[in-house]
Amino acid sequence: MSQSATGAFDALFHENRKFPPSSEVTAHGNISDPAIYEQARQDPEAFWDARAREQIDWFHPWNQILDWKPPFAKWFIGGTLNASYNCVDRHAHGTRANKPAIIFEGEPGDQRVITYAQLLEEVTLAAAMLRHLGVQKGDKVAIYLPMIPEAVISMLACARIGAPHTVVFGGFSPDSLADRINDCGANFVITADGGWRRGKVVPLKDNADEAMAKTDHVKRCVVVRRVGDAAAIHMDPDRDIWWHDAEAQTRAAGTTDCPPEQLDSEHPLFILYTSGSTGKPKGILHTTGGYMVQTSLTHKWVFDLKENDVFWCTADVGWVTGHSYIVYGPLANGATCVLFEGTPDYPDKDRFWSMIAKHKVTIFYTAPTAIRSFMRWGDEFPARHDLTSLRLIGTVGEPINPEAWIWYHQTIGGSRCPIVDTWWQTETGGIMISPIASLTTTKPGSATFPFPGIDADIVDEQGDSVPLGGGGYLIVRKPWPSMLRTIWGDDERYKQTYWSRFENIYFAGDGCKRDAEGYYWLLGRVDDVLNVSAHRIGTAELESALVSHPKVAEAAVIGIPDEITGQAIAAFVTVRSGIVADDALAQELRAHVAKAIGPIARPKVLRFTAELPKTRSGKIMRRLLRDVAEGRVTGDTTTLTDPSVLAEIRSQYEATEG
Ligand code: PRX
C-alpha cells in the first residue's frame with residue numbers, strides 16, 4: 001500500500017473517540033472475562049465444543065467436533081438435533097411458555113403477539129400441514145412471503161421436518177423467484193395473496209404465478225391470506241391451496257401430530273441466494289448444528305441478551321440477517337422478537353420510533369443506510385417518542401461512517417446505549433467481527449475485533465498478514481461452525497470463489513484495515529459486488545439484465561458512492577446500431593432492470609457511451625468508469641465505502657484477477 005493511500009486513510013479515520021462499556025454492563029455481562037479471547041485462540045475446537053453444549057439441546061451428542069478437509073468442513077459430527085425444537089419446543093413449557101416469542105406489527109398497524117406455547121402449536125400444525133401436502137425430509141421449499149408471522153412459522157415448520165427452505169425476498173421479481181426455484185429444485189412454494197408496502201399491495205401470488213409458469217418443479221403452492229381480497233386471486237385447483245384450508249384439511253385428516261425430526265448436525269437447514277461476481281446468484285448452503293450454535297451464541301454475547309429483552313432486528317427474513325437474527329439466533333435463546341412488515345417512513349418518518357416506544361424495544365439492530373436516512377430526515381422524528389426502553393443498539397450490512405455512528409449513539413441511543421457494529425456475510429451465517437457489548441471498548445466506525453473462536457486476519461497480495469496500521473484483504477484462516485458448506489450444486493464454484501485466492505483460506509471479498517490497536521475497520525467490497533442500501537448486488541447480474549434488453553449492445557455496471565445508500569448503481573450502456581439513445585430509453589432500461597431483478601436493482605445513474613473502455617483482452621476497465629462516474633458526482637461523500645485505500649486495494653485485486 002502506498003504512503004499516500006495510507007495517509008488518506010489515516011486522515012479519514014481520524015477517529016480517536018472511544019466508548020468503553022459501562023461498569024453496570026460489564027458487571028452483569030453474559031460474558032465478563034476477556035480471557036475468553038485467548039482461550040478460544042489457543043484451542044478453538046474446545047471453545048466451540050463447550051459452546052455447542054451450552055447453547056443447543058442435542059438429541060444425540062457428537063463424536064467429533066470438526067472434520068476439515070479443505071475447503072469442506074463438518075461440525076459436531078454424529079450429533080443430532082432439530083432447529084425448530086431448539087427455537088420453540090424447549091421454551092414452550094415452563095417459565096417461557098407465556099413469554100412472547102414474536103410481537104408482530106403489520107404495516108396497517110395490526111398486531112399479533114405469539115407466545116412460545118402458541119408458537120409451538122403454530123409450528124407443529126404448519127409442519128404437519130406441509131407433510132400432509134407431501135413435503136418430505138430433504139425436499140426444498142421456497143418461501144416468498146411478506147414479513148408476517150407465517151414467514152417465521154414456515155421456516156421453523158420446514159426445519160421441523162428436515163425440508164431445507166429457500167426464502168426469497170418479497171421484493172424480488174418473478175424471474176428471480178423462478179431462477180431460485182429452478183436452481184435448487186424446489187417442489188413447494190409458500191406465498192401470500194400479497195403484502196403491504198407503503199399502503200399498496202405487493203402482488204406476491206401474481207408474481208409467484210408468473211414464476212411458477214417458468215418452472216416445472218412446483219407441485220404444490222400454499223397461499224397465506226394476508227391482504228384479504230380472495231376473489232381477486234387466481235388459484236390453480238391442482239396446485240394451489242389456501243394456508244387456512246390446508247391446515248383445516250390436516251386437522252380433519254387427524255394428522256396434526258408432528259414431532260421434530262432428529263436430524264444430523266450436517267443436515268441442510270436452508271439455501272439462501274446471494275449475489276456474486278457472475279450473473280447467476282449463488283445458493284449458499286447452511287446446515288443445522290454449527291449454524292445454530294454460532295447464531296445463538298453470537299446473539300447472546302454480542303447483544304448481551306437478557307431474559308426480559310425485546311429484540312428488534314429490522315431486516316427482512318429474505319436476507320441472512322433475518323434468518324440468523326430474527327429467527328434462529330434469538331428464538332434459540334428464547335428471546336422476544338419484534339417482527340415488522342412495514343417501512344420506516346410509512347405512514348410517517350417516525351414509524352420505527354413509535355414501534356420502539358410502543359413495544360418497549362430494548363435492543364435495536366438495523367443498517368447504516370437506514371441510519372443515514374434517519375439523520376437526513378431530522379431529529380424531530382425520534383424526538384416525538386420515548387426511546388428510553390433502549391439499552392443497546394447495533395448495525396450490520398455495510399461500513400458505518402463515524403458521523404452516522406455518533407448520531408445513532410446520541411439521538412437514538414440517548415448517549416447511553418453501547419453500539420455493536422457487526423461484520424458478517426450470508427456465507428458466514430453468523431456474526432464474525434463485532435464488539436461484545438459487555439467487554440469491548442468501541443470506536444465509531446470500527447467493527448472492533450474478531451469474535452472468540454474466529455481466526456480472521458488481514459493479508460496482502462501474497463497472503464501475508466499485514467502489520468498493525470496496514471490494510472489489505474479480510475480473510476479467515478480456520479473453519480467456523482456457521483460457515484457455508486458449499487454453493488448449492490456447485491462445489492467447484494465454491495472452491496474457486498472463496499478458497500482459491502489464497503489456498504485453503506477463506507477470502508471474504510472485503511477490504512479491511514487494522515489500526516495501531518488492532519481494531520478492524522471494514523472498507524467495502526474489493527470484487528465486483530455492490531452494496532446498495534446494505535443489499536448485495538453483483539455487477540454481472542445487473543449487466544446481464546441490461547443486455548437482455550433488445551436495444552442494448554453492451555453494458556458495464558459500477559458502484560458509485562452515495563450518501564444514503566452507501567453505494568449506488570451506475571450503468572454505462574452502448575446501444576445497438578440504429579437505436580436512439582435518449583432519456584426515454586434510459587428510463588426504459590432502468591425499469592427493465594428493476595423488473596428483471598427487483599426494484600432494489602434499479603440503476604440510479606444510466607449513461608450511454610459510444611464504447612466501453614477495455615483492456616486488450618476485452619476486460620472492461622471498471623477503474624476508468626469509476627473515475628468518470630465519481631468525477632460527475634457532486635459534493636463529498638461522508639461514507640467510508642470508497643476511501644482511497646479501498647480504491648488501491650481494489651485496483652490491485654483487479655490487476656491480479658484480471
Ligand atoms: O461488504 C460486507 C458488508 O456486507 C457484505 C455481506 O453482505 P450480505 O451477505 O448481504 O450480508 C449482509 C448482512 C450480514 C460484506 O461482505 N458488510 C456487512 N456487515 C458489515 C459490512 N461492511 C462493513 N461493516 C459491517 N458491519
Side-chain angles (χ1 to χ4, degrees), residues 13 167 169 172 272-277 281-284 286 291 294-295 298-299 302 313-326 328-329 365-372 393-402 404-405 408 419-435 442-451 456 458 473-476 482-484 487 497-498 506-513 519-538 541 559 565-567 600 639-643 646 649-650 653:
F13 287 83
V167 183
F169 171 54
F172 274 135
L272 182 61
Y273 285 82
T274 188
S275 295
S277 51
K282 304 175 286 198
I284 302 299
H286 283 287
Y291 175 84
Q294 191 170 336
T295 53
T298 48
H299 180 253
V302 167
C313 164
T314 67
D316 190 284
V317 286
W319 308 109
V320 75
T321 311
H323 283 60
S324 302
Y325 299 102
I326 293 178
Y328 292 109
Y365 189 35
T366 196
T369 184
I371 296 167
R372 291 192 296 268
I393 53 184
T395 76
V396 59
E398 51 175 329
I400 179 162
N401 43 312
W405 195 103
Y408 193 37
I419 297 185
V420 290
D421 170 2
T422 61
W423 178 90
W424 57 293
Q425 308 175 295
T426 307
E427 291 86 343
T428 70
I431 291 170
M432 300 288 280
I433 302 179
S434 166
T442 55
K443 295 185 187 182
S446 167
T448 72
F449 307 109
F451 192 80
I458 303 170
Y473 307 114
L474 180 64
I475 55 111
V476 188
S482 66
M483 68 184 247
L484 76 167
I487 294 175
T497 310
Y498 304 109
Y506 178 78
F507 173 66
D510 279 41
C512 193
K513 158 120 183 180
Y519 280 72
Y520 283 60
W521 299 77
L522 275 304
L523 301 171
R525 303 287 306 194
V526 296
D527 53 7
D528 293 334
V529 174
L530 308 186
N531 190 327
V532 180
S533 297
H535 295 320
R536 260 162 82 166
I537 308 178
E541 225 177 307
T565 59
Q567 279 187 303
I600 50 166
T639 70
L640 292 184
T641 40
D642 239 348
L646 179 63
I649 295 167
R650 192 194 269 146
Y653 177 78

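In each ligand, atom 1 is the first atom listed, and ligand 1 is the first ligand listed. Residue numbers count from 1 along this sequence. Side-chain atoms are counted along with the backbone in the values below, which use heavy atoms only and exclude waters and symmetry mates.
- Of all the heavy atoms of Glu398, the ones lying under 4.0 Å from any atom of ligand 1 belong exclusively to the backbone.
- Between Tyr506 and Tyr498, the two ring planes are parallel [angle under 30°; tilted spans 30° to 60°].
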Test side-chain hydrogen bond (donor to acceptor under 3.5 Å, both in side chains) on Thr422 and Tyr365; report intermediate values, then the result.
CA-CA 10 Å; Thr422 61; Tyr365 189 35; 2.6 Å; yes
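- Within the 4.0 Å heavy-atom criterion, the part of Leu522 lying near ligand 1 is the side chain and not the backbone.
- In this structure, Gly397 has a heavy atom closer than 4.0 Å to ligand 1.
- Looking at ligand 1, you'll find an N or O of Arg525 within less than 3.5 Å of one of its N or O atoms.
- Here's the thing with Thr321: none of its N/O atoms is less than 3.5 angstrom from an N/O atom of ligand 1.
- Taking the six-membered ring for Trp and thresholds of 30 and 60 degrees, Phe169 and Trp319 have ring planes inclined between 30 and 60 degrees apart.
- Between Tyr520 and Phe449, a ring centre-to-centre spacing not shorter than 6.0 Å is recorded.
- Shortest contact from atom 9 (O) of ligand 1 to any protein heavy atom: Thr426 OG1, 2.5 Å.
- Not a single N or O atom of Thr274, backbone or side chain, sits closer than 3.5 Å to an N or O atom of ligand 1.
- Near Val396, meaning under 4.0 Å from one of its heavy atoms, ligand 1 places the atoms 13 (C), 14 (C).
- Heavy atoms only, all atoms of each residue included: Leu530 and Gln567 are closest at CA-OE1, 3.5 Å.
- Counting heavy atoms closer than 4.0 Å to ligand 1, residue Ala447 contributes nothing at all.
- Glu541 is linked by a salt bridge (Lys or Arg N to Asp or Glu O under 4.0 Å) to nothing, counting only residues two or more places apart in sequence or in another chain.
- Near Pro399, with a cut-off below 4.0 Å to any heavy atom, the atoms of ligand 1 are 22 (N), 23 (C), 24 (N).
- The part of Asn531 lying near ligand 1 is the side chain, judged by heavy-atom distances below 4.0 Å.
- Under the ring pair (Phe, Tyr, Trp, His ring centres under 6.0 Å) criterion, Trp424 pairs with Tyr325, not counting sequence neighbours.
- From the protein, the heavy atom lying nearest to atom 1 (O) of ligand 1 is Asp510 OD2, 2.8 Å.
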Does the pair Thr366 and Thr314 meet the rule for a side-chain hydrogen bond (donor to acceptor under 3.5 Å, both in side chains), with working shown?
CA-CA 5 Å; Thr366 196; Thr314 67; 2.8 Å; yes
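- Shortest contact from atom 7 (O) of ligand 1 to any protein heavy atom: Arg536 CD, 3.0 Å.
- In this structure, Tyr291 contributes its side chain and Gly430 its backbone to no donor-acceptor pair below 3.5 Å.
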